[in-house]
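Have a look at the structure below before the remarks.
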Number of protein chains: 2
Amino acid sequence: MPPKQLYSLKSENIPRATIQRLALYVQVLEDLDRQGTEVISSELLAKACTVNPSQIRKDLAYFGEFGVRGVGYYIKDLIGAIKQSLGVDHVWKTVLVGVGNLGRALLNHAEFRLRGFDIIGAFDCDPFKIGEQVSGLEVLCTKRLKEKVHELDVNLGIITTPPERAQRAANHLVEANIHGILNFAPARITVPDYVYVEYVDFFHHMYSLAFHITLEKER
Amino acid sequence: MPPKQLYSLKSENIPRATIQRLALYVQVLEDLDRQGTEVISSELLAKACTVNPSQIRKDLAYFGEFGVRGVGYYIKDLIGAIKQSLGVDHVWKTVLVGVGNLGRALLNHAEFRLRGFDIIGAFDCDPFKIGEQVSGLEVLCTKRLKEKVHELDVNLGIITTPPERAQRAANHLVEANIHGILNFAPARITVPDYVYVEYVDFFHHMYSLAFHITLEKER
DNA sequence: GAGTGTGAATATCTTCACAGCT
DNA sequence: AGCTGTGAAGATATTCACACTC
């Protein structure tokens, strides 16, 4: 028998695309909330997200019934419900490996903390960088990652190393018992099954732009 | 009758996922090429990309027949074929709007030029930033974007402004007749149909990590 | 023998359409 | 009357399985 859950997951297999859209809904809903809107229908939210209204209702239905028939969704409640469903209703402690240009930019990116991701450790293997202060954090030697992660009870890791060092960074994170990795390095990494990896690769997006523009031009 | 094409597109409707995977194949293939491998089967490439071998063959089949039965794919040839299919066999001139932490990091990111995306203009509306030199470029006022884009024949735009200024940046890019936009700002933007937009939102990925880890813990 | 290219089968995701609540 | 929640239908994407080629 499965353990009792914090929220009602109606199905085991939630499409990956649904999760991505939920993150989008939160973004758009928080915008609407700031603007003072209190209630919204799936139709209007759909328009703002450029998706189909049924899509939104289906996506939400995986987690529960958050709407009111004849009325729509109370925005504040819905934001709360989605955030709880996604597990972002609390702060996630995060470490970053690779203090290059991109790493620095992310460490200085205030939005991370704002969105519930608190980067509490910065690591690099370059002796010239170790000891440096970046955005209020002292850059530490990657060898000390495991120790620090245990000390501070960290859950997530971000890799911003050059591609050739991404696998080593991943190994350190796995060794430190981190179960979620966001990899910005343009390189595949191999990790055990229980570690979940997300890739952010700008070039894949640039390639996609190039392709679609080329296609359009040829028409 | 459609105009003659540079490469043989077998179908009009190529899945978006296929394009993303092709970019991944190029990445992995270039790695293999650097390591000196000359030929690879769909099975081995599939393993390296963690996808299904038929998937690879199907993806490639949209563009042509690049393999040799009984042998596999010649890596150098395949890289060339995919790059040509995607339209990344030549340099794409690119401008960037929003010279904040992230913008600076991208301007300093040598890999962009290496991968065929040459960022030749940096724009911002902050008078304190205008005139500053970043990675060999003078930061210009966003008002001069149109003029510069025409002068230099630019095709792609990157938005790295704060979310509240993303739409204005997009308007400037559309005005300058740019047809492809990579938007790093965590905000939806509205553009005409003929403009293709790709979104890069770190937080969507962070949310996804949070969700999958939460799910795993509850099991 | 080995491995591609591809139609057919399967799985997955999206949209429709409407019953059911407020 | 209005809008959600959802089974059924439709569209898309992935995988299988094998004919075909080197």
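Residue numbering restarts at 1 for every chain, and letters A, B, ... go by the order of the sequence lines. Just so you know, these numbers use all the heavy atoms, side chains as well, and skip hydrogens, waters and symmetry mates. From a predicted model like this one, the values you see are computed outputs, not experimental measurements.
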side-chain contact (heavy atoms from CB on, under 4.5 Å) involving A:Lys58 - partner list, sequence neighbours excluded = none
request  = Rounded off to whole Å, could you give me the CG-to-P distance for the A:Asn13 and C:dT12 pair?
outcome  = 7 Å
request  = Could I get the full list of ring pair (Phe, Tyr, Trp, His ring centres under 6.0 Å) partners for B:Tyr196, not counting sequence neighbours?
outcome  = A:His212
key: Within residues 197-212 of chain B or reaching into it, pairs that qualify as salt bridge (Lys or Arg N to Asp or Glu O under 4.0 Å) - sequence neighbours excluded   = B:Arg16-B:Glu198
Contact list (N/O, under 3.5 angstrom) for nucleotides 20-22 of chain C vs protein:
| from | atom 1 | to | atom 2 | distance (Å) |
| --- | --- | --- | --- | --- |
| C:dG20 | N3 | A:Arg69 | NH1 | 3.4 |
| C:dT22 | O4' | A:Arg69 | O | 3.4 |

For B:Tyr73, all residues meeting ring pair (Phe, Tyr, Trp, His ring centres under 6.0 Å), sequence neighbours excluded = none
message = Tell me which residues in residues 21-58 of chain B lie within less than 4.0 Å of DNA chain D, going by non-hydrogen atoms.
response = B:Arg21, B:Asn52, B:Ser54, B:Gln55, B:Arg57, B:Lys58
ask   = Taking only residues two or more places apart in sequence, or in another chain, which ones meet A:Asn171 in a side-chain contact (heavy atoms from CB on, under 4.5 Å)?
value = A:Gln167
query = Below 4.0 angstrom from OP1 or OP2 of D:dG5, is there any side-chain N or O of A:Tyr73?
reply = yes
task = Using atom CG of B:Asp77 as one end and atom P of C:dT4 as the other, report the distance to the nearest whole Å.
result = 14 Å
task = Please state how far atom CG in A:Leu78 lies from atom C1' in D:dG5, giving the value in whole angstrom units.
result = 14 Å
key: Note: B:Glu30-B:Lys83 ion pair, threshold 4.0 Å (strictly below)   = yes
Name the atoms and distances for all side-chain donor-acceptor pairs under 3.5 Å in residues 155-165 of chain B, with sequence neighbours left out.
| from | atom 1 | to | atom 2 | distance (Å) |
| --- | --- | --- | --- | --- |
| B:Thr160 | OG1 | B:Val97 | O | 3.2 |
| B:Thr160 | OG1 | B:Gly98 | O | 2.6 |
| B:Thr161 | OG1 | B:Ala166 | N | 3.4 |

request  = Starting at atom OH of B:Tyr62, determine the distance to atom P of C:dT6, rounded to an integer number of angstrom.
outcome  = 12 Å
ask   = What is the distance, rounded to the nearest whole Å, between atom CD of A:Glu65 and atom C1' of D:dT6?
value = 10 Å
message = Rounding to an integer number of Å, can you tell me how far B:Asp59 CG sits from C:dT6 P?
response = 13 Å
Residue whose nearest DNA chain C nucleotide is more 5′ - B:Leu60 or A:Thr18 = B:Leu60
request  = Nearest whole angstrom, please: distance from the P of D:dT12 to the CZ of A:Arg16.
outcome  = 22 Å
inquiry  = Quick test of your reading of the model: are B:Asp118 and B:Lys93 salt-bridged, counting only N-O distances below 4.0 Å?
reply    = no
task = Only counting residues at least two apart or in another chain, list the ones meeting ring pair (Phe, Tyr, Trp, His ring centres under 6.0 Å) with B:His179.
result = B:Tyr194
